[in-house]
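Since the model is a prediction, treat every value here as computed from it, not as a measurement. All residue numbers refer to positions in the sequence shown, counting from 1.
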Amino acid sequence: MNIYRPRKIAPLRVLAMVLRGMVALLREGPLLLLALLILSPVGPHLRVGSPDPRHRPNETRMICDYFGSRGRVAVMRQGSCPLITLLDRRND
């Protein structure tokens, strides 16, 4: 009868398993990023058209139209309208 002796885990074998797991995640990365973009209420939005100044010409507020994962959004901003911005749609 043999005595039970636990096998030693080789550190290089553990490293290889971790690297294989990271490669598998990288392979599915674009799909995961797309799902995160659709499900997250906070996301990047692209400015559509030029900013529209409010009714008074000396007013510094602008109405900016953005397009993102949740559709087209009109946002009132102070100053200029950036081309790409992160908008939080939970506040609407």
Side-chain angles (χ1 to χ4, degrees):
M1 185 165 168
N2 292 336
I3 299 174
Y4 173 73
R5 294 184 188 154
R7 294 179 62 190
K8 292 183 181 179
I9 298 176
L12 291 178
R13 182 173 288 186
V14 172
L15 178 66
M17 288 189 314
V18 168
L19 289 176
R20 272 189 236 121
M22 289 176 66
V23 166
L25 283 177
L26 285 175
R27 194 176 307 137
E28 301 298 327
L31 184 61
L32 291 174
L33 285 175
L34 184 63
L36 185 65
L37 177 70
I38 291 171
L39 295 177
S40 174
V42 178
H45 286 71
L46 180 67
R47 185 180 71 209
V48 179
S50 61
D52 179 28
R54 207 56 180 150
H55 301 291
R56 291 175 234 138
N58 57 358
E59 188 77 30
T60 59
R61 289 185 289 178
M62 300 279 202
I63 296 178
C64 309
D65 285 330
Y66 288 103
F67 183 76
S69 62
R70 303 284 183 203
R72 195 168 183 161
V73 182
V75 178
M76 185 171 284
R77 291 194 171 259
Q78 290 287 98
S80 65
C81 300
L83 182 63
I84 298 174
T85 186
L86 289 176
L87 293 179
D88 187 357
R89 299 290 295 155
R90 290 177 289 192
N91 297 334
D92 292 342

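How far NE2 of H45 is from CD1 of I84: 12.0 Å, rounded to the nearest 0.5 Å. Put simply, CE on M76 and SG on C81 are 10.5 Å apart, with the number rounded to the nearest 0.5 Å. If you take CG on L19 and CE on M17, they are separated by 10.5 Å, rounding to the nearest 0.5 Å. Once rounded to the nearest 0.5 Å, the distance linking CG of L32 with CG of L37 reads 12.5 Å.
Put simply, the side chain of P82 reaches to within 4.5 Å of the side chain of Y66, judged on heavy atoms. For the pair I63/V75, no side-chain contact is recorded, criterion being any heavy-atom separation below 4.5 Å from C-beta on.
In terms of heavy atoms, L86 sits closest to P44 at CD2-N, 3.5 Å.
Checked for salt-bridge contact, D65 and R72 meet the test: a charged N lies under 4.0 Å from a carboxylate O.
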Can you check side chain to side chain contact (heavy atoms under 4.5 Å, CB included) on L83 and L46, steps first, answer last?
CA-CA 6 Å; L83 182 63; L46 180 67; 4.0 Å; yes
